[in-house]
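Written below as structure tokens is the structure these notes are about.
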There are 2 protein chains.
Amino acid sequence: MGRPAKFTREQLQEAALALIDADGLSGLTMRALAARLETGAMTLYNYVSQREELEMLVVEAVLGKVRWVPDGHLPWYEELEGIAITLWRVIRDHPHVIPLILTKRSRSPAVFEVTEALLRTLAQSGRSGARLLVGFRAVSALIMGAAQAELAGPLTLQADESPDDTIARFQALPPDRFPHLIEIATAATASDAETEFRASLSLLIDGLRADAAPQA
Amino acid sequence: MGRPAKFTREQLQEAALALIDADGLSGLTMRALAARLETGAMTLYNYVSQREELEMLVVEAVLGKVRWVPDGHLPWYEELEGIAITLWRVIRDHPHVIPLILTKRSRSPAVFEVTEALLRTLAQSGRSGARLLVGFRAVSALIMGAAQAELAGPLTLQADESPDDTIARFQALPPDRFPHLIEIATAATASDAETEFRASLSLLIDGLRADAAPQA
DNA sequence: ACCTGAACACCGTTCAAGT
DNA sequence: ACCTGAACACCGTTCAAGT
């Protein structure tokens, strides 16, 4: 429990997140974090038993930023859309943290809260048990997958290069072998990530509505 | 080009993937890979300019395992399902590589091939341009997001612990605050990842079919 | 209890030298 | 051209000692 303690957990989280946002994932080292807090590296081990625990703190810090007010007037599918987009935006604000979010098992209350809110909304579609689980898996997979799709991933369209360079790269591909790849690369230059995510989410929500149980 | 060269690219890929499969992502180090190939660490730099390039080779090795034969008789949505499940299985066979797949921009032909195949099938739903892009984003986000959902991620159900321990952990949560979380945790113990993925994918495909243009 | 420096066993990579 | 050992500048973490 508390006693003096030189730093708070929040200070660690804030400093660690700032390092990652500024310098990427590799910018977070025990030594760099200690330096930023103007202390020695070993001091951190008074707060965290391993580097990995630090990474969990960062995940928690990001997901804890989700602020979302339920609106009982909306139909479940509109409310679901709102939660999903909120989550997507928060994650996307901290792109370098995404690998950690996808990788570290977080057991923080903040994560439980937002998950329960999403499930509560989804349950209003008449789902329970295994069907609720599947709906949840689909929505969270879409959010997580989409959050880093244009960031990286195997099928990245925009790289370090300029948008023009990207499209040029795809148009340099043999058009008889990769016609559709060239087509969507072109379409991507006239689009943006949030628009694409919203439209993708709509497709899934259409499927969820078609499969919903009749409302009480 | 070729000259003698002590190793082939395939040998590097195979050895690197074997290290990751066996020891996790942290098992792949320049030194460990060199040792496995019975050479010095610096020899690797004759094949690869950075460690990151090695990681791209590994991504390529995994995605190159996708073998899928098109079946012209199937309707597009069944063919799409087949490709998606094939991709999901290949990725899931190498769980430790997932962070790399999600993170490294791969420009290998193998990745282009499977992407084009997926797009070709999706285009048969009557989509083109921006709509084709959105459909593609949705399907790939679902695959990528689902591939590591139960592996890790913020809402992980099975951890290092046994399934029974997992459900016990969730049932220890306050049931008035997290009723649905407890509900799906229970449902998850009677389920498996592939079943959940197939059902999630069906929801999305339903949405894609509802929004398809009339066939020619 | 909390703090911390020295030290250890690792990393990736540069440099310089070999064939 | 391809190979390679020594060396450098980093890591995370153990240990031991301080208050």
Side-chain angles (χ1 to χ4, degrees), chain A residues 1-61 96-97 99-100 103-105 152 160, chain B residues 1-61 96-97 99-100 103-105 152 160:
Chain A
M1 296 275 112
R3 287 323 158 87
K6 215 170 164 189
F7 307 106
T8 65
R9 230 170 68 122
E10 284 70 25
Q11 281 175 298
L12 289 211
Q13 288 179 310
E14 191 191 4
L17 184 54
L19 277 178
I20 293 184
D21 283 343
D23 304 325
L25 207 44
S26 63
L28 178 65
T29 68
M30 301 299 275
R31 287 162 139 105
L33 180 58
R36 173 176 258 264
L37 293 170
E38 297 184 307
T39 185
M42 292 320 298
T43 301
L44 300 176
Y45 286 87
N46 293 308
Y47 300 87
V48 127
S49 73
Q50 288 184 85
R51 185 207 146 96
E52 210 178 336
E53 212 172 304
L54 205 60
E55 296 177 337
M56 282 178 50
L57 279 185
V58 172
V59 172
E60 192 183 320
H96 294 126
V97 182
L100 298 185
T103 271
K104 303 299 154 198
R105 319 165 182 280
D160 334 307
Chain B
M1 299 278 112
R3 288 323 157 86
K6 215 170 164 187
F7 306 107
T8 65
R9 232 169 67 121
E10 284 70 25
Q11 281 175 297
L12 290 211
Q13 288 179 310
E14 191 192 4
L17 184 54
L19 277 177
I20 294 185
D21 283 344
D23 303 326
L25 208 43
S26 63
L28 177 66
T29 69
M30 301 299 275
R31 287 164 140 103
L33 180 58
R36 173 175 260 262
L37 294 169
E38 297 185 308
T39 186
M42 292 319 299
T43 302
L44 300 176
Y45 286 86
N46 293 308
Y47 299 89
V48 127
S49 73
Q50 287 184 86
R51 185 208 145 97
E52 210 178 336
E53 212 172 304
L54 204 62
E55 295 178 339
M56 283 179 49
L57 279 184
V58 172
V59 171
E60 192 183 319
H96 293 128
V97 182
L100 298 186
T103 270
K104 303 300 155 197
R105 321 167 181 281
D160 335 305

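Letters A, B, ... mirror the listed sequences (proteins, then strands); counts begin at 1.
Comparing D:dG12, D:dC15, C:dC11 by their closest approach to the side chain of A:Met42 singles out D:dC15. Distance from the side chain of B:Arg31 is smallest for D:dA7 among the nucleotides D:dG12, D:dA7, D:dT13.
In terms of phosphate contacts, B:Asn46 brings a side-chain nitrogen or oxygen within less than 4.0 Å of OP1 or OP2 of D:dC3. The side chain of A:Lys6 places no N or O atom within less than 4.0 Å of a non-bridging phosphate oxygen (OP1 or OP2) of C:dA1. Note on A:Thr39: every side-chain N or O is 4.0 Å or more away from OP1 and OP2 of C:dC3. Checking the phosphate oxygens (OP1, OP2) of D:dT4, a side-chain nitrogen or oxygen of B:Thr43 falls inside 4.0 Å. Note on A:Tyr45: every side-chain N or O is 4.0 Å or more away from OP1 and OP2 of D:dT14.
With a 3.5 Å ceiling on both atom-pair distances, D:dC10 lacks any Watson-Crick or G-U wobble partner. The base-pairing partner of D:dG18, taking Watson-Crick or G-U wobble contacts with both distances under 3.5 Å, is C:dC2.
Listed by first and then second residue, the side-chain hydrogen bond (donor to acceptor under 3.5 Å, both in side chains) pairs involving residues 12-34 of chain B are B:Asp21-B:His94 (not counting sequence neighbours).
Note that the NZ atom of B:Lys6 and the OG1 atom of B:Thr43 stand 5.5 Å from one another [nearest 0.5 Å].
Annotation for B:Gln11: atom CD counts as buried by contact number, over 12 foreign heavy atoms lying within 6.0 Å.
For B:Leu37 against B:Ala15, the heavy-atom pair with the smallest separation is CD2-CB, 3.9 Å. Residues B:Leu33 and B:Leu12 come closest through the heavy atom pair CD1-O, 4.3 Å.
The CZ atom of B:Arg9 sits 15 Å away from the P atom of D:dC2 (whole-angstrom rounding). For the pair B:Leu44 CG and C:dT14 P, the interatomic distance rounds to 14 Å; values are reported in whole Å. In this structure, A:Tyr47 places its OH atom 11 Å from C1' of C:dA1, rounding to the nearest Å. Between the P atom of D:dC10 and the CE atom of B:Met30 lies a distance of 19 Å, rounded to the nearest Å. Rounded to an integer number of Å, the gap from CZ of B:Phe7 to C1' of D:dA1 is 16 Å. Remark: C1' of D:dC3 and CD of B:Glu38 are 16 Å apart, rounded to the nearest angstrom. For the pair A:Glu53 CD and D:dT13 P, the interatomic distance rounds to 10 Å; values are reported in whole Å. The CD atom of A:Gln50 sits 17 Å away from the P atom of C:dC10 (whole-angstrom rounding).
The shortest side-chain heavy-atom distance between B:Met56 and B:Val48 does not fall under the 4.5 Å cut-off. Between A:Glu55 and A:Leu25, every side-chain heavy-atom pair lies at or beyond the 4.5 Å cut-off.
Taking a 4.0 Å limit (strictly below) on heavy-atom distances, residues 11-27 of chain A does not reach DNA chain D anywhere.
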